[in-house]
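Structure record follows, encoded as structure tokens.
Predicted, not measured: the structure shown is a model, and the values here were computed from it. Basis for what follows: all heavy atoms, side chains included, without hydrogens, waters or symmetry-related copies.
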Amino acid sequence: MVLRETLDPKASIKNLLAIHLHFLRTEHGYSCAYVGERVRAARQTVSHWESTLRVPDERQAEELDRLYGTGELVQALLFYATSLHEPEWFQRQVELEAKADVIQLYECQVIPGVLQTERYARTVYTVGDVSDVEKSVRERLSRQKTLTRPDPPRLWVLLEQDAMERVVGGPEVMREQIGRLLEISETPRVVLRIVPRSLAYHTGLLGAFKVLTLGRKAYAYTEAAAGGRLTEDPSEVRKMTERFDLLGADALSRDDTRNLLRRVQESMT
């Protein structure tokens, strides 16, 4: 079955945009190659627009409106598809994370899910508003398999000192969790660094985020209490990458990070 045939236009604006683009193209009797030639895009890219694998950029949306005589309709759909919250964004970023070549991850509140121990994760879900705690824990632990796959990603982690020192589940749970951080920090494809409390206020405190790179394509995911936001817009991805680099410039070195982790682990009594 073609991916486009499974799309529900009521599920998301992005789905509606893809379905509408397919409708407009076929109603005009245009091929993907012809549309691509008119809006300066590859034939495969046009096909991807119609199955949600990609979205047009602003210039392409304007040219599509001109081609189809639809005023600013495609541009409006693109705006809402890329700015409003979509319920499938979290699951989509989980799928991308599992295939990523590089993961750049910043967390300011809790230990990142991909690094959590089972007991730490269980405490997080027990305190949170989760209907099936054990199912959520299993899913979280399953996501960690991406770090042990045959071709694991290069993982760059920036973790706030407050998140690392916040006691979740009691001292015993925290000693185990910090031990996990120490262990993972020694693996060859992981770089873990602490953003010290002495840095005071900085842009990272606006919220956790990650940048996922798959080949030549990159995505940025920003987390929020009511649901995150996933974008592939190059300017937004570049902005989040720059934020990660600036935070990294002020983070502790790898050795200093491990020394701090050991001191905090010893203090958890």
* Classify the side-chain pair R238/S235 by whether it contains a donor and acceptor separated by less than 3.5 Å. => no
* Note, E186 side chain near R258 side chain (heavy atom, < 4.5 Å) -> yes
* Asked: Sub-3.5 Å donor-acceptor pair from the side chain of R54 to the main-chain atoms of W49, do we have one?
  -> no
* Could you check if a side-chain atom of Q161 sits within less than 4.5 angstrom of a side-chain atom of V264, using non-hydrogen atoms only? => no
* Asked: Got more than 12 heavy atoms from elsewhere within 6.0 Å of CD, E95?
  -> yes
* For the residue pair H202 and L247, establish whether any side-chain heavy-atom pair is separated by less than 4.5 Å. => yes
* Tell me whether the centres of the aromatic rings in F209 and Y106 are closer together than 6.0 Å. => yes
* Asked: Tell me the salt bridge (Lys or Arg N to Asp or Glu O under 4.0 Å) pairs involving residues 206-216, sequence neighbours left out?
  -> E97-K210
* V137 side chain near Y125 side chain, heavy-atom distance below 4.5 Å -> yes
* **Salt-bridge criterion met for R229 and E236 (N-O under 4.0 Å)** => yes
* **Heavy-atom check, side chain of L252 versus side chain of V195, under 4.5 Å** => no
* Asked: Under 3.5 Å, is there a donor-acceptor pair linking the side chains of T70 and D65?
  -> yes
* To do: Decide yes or no for E139 and R143: does some side-chain heavy atom of the first lie under 4.5 Å from some side-chain heavy atom of the second?
  => no
* Atom NZ of K135 with >12 non-hydrogen neighbours under 6.0 angstrom -> no
* **Residue pairs involving residues 35-48 (criterion salt bridge (Lys or Arg N to Asp or Glu O under 4.0 Å); sequence neighbours excluded)** => R40-E63
* Asked: Do Q109 and E107 come within less than 4.5 Å of each other through their side chains, counting heavy atoms only?
  -> yes
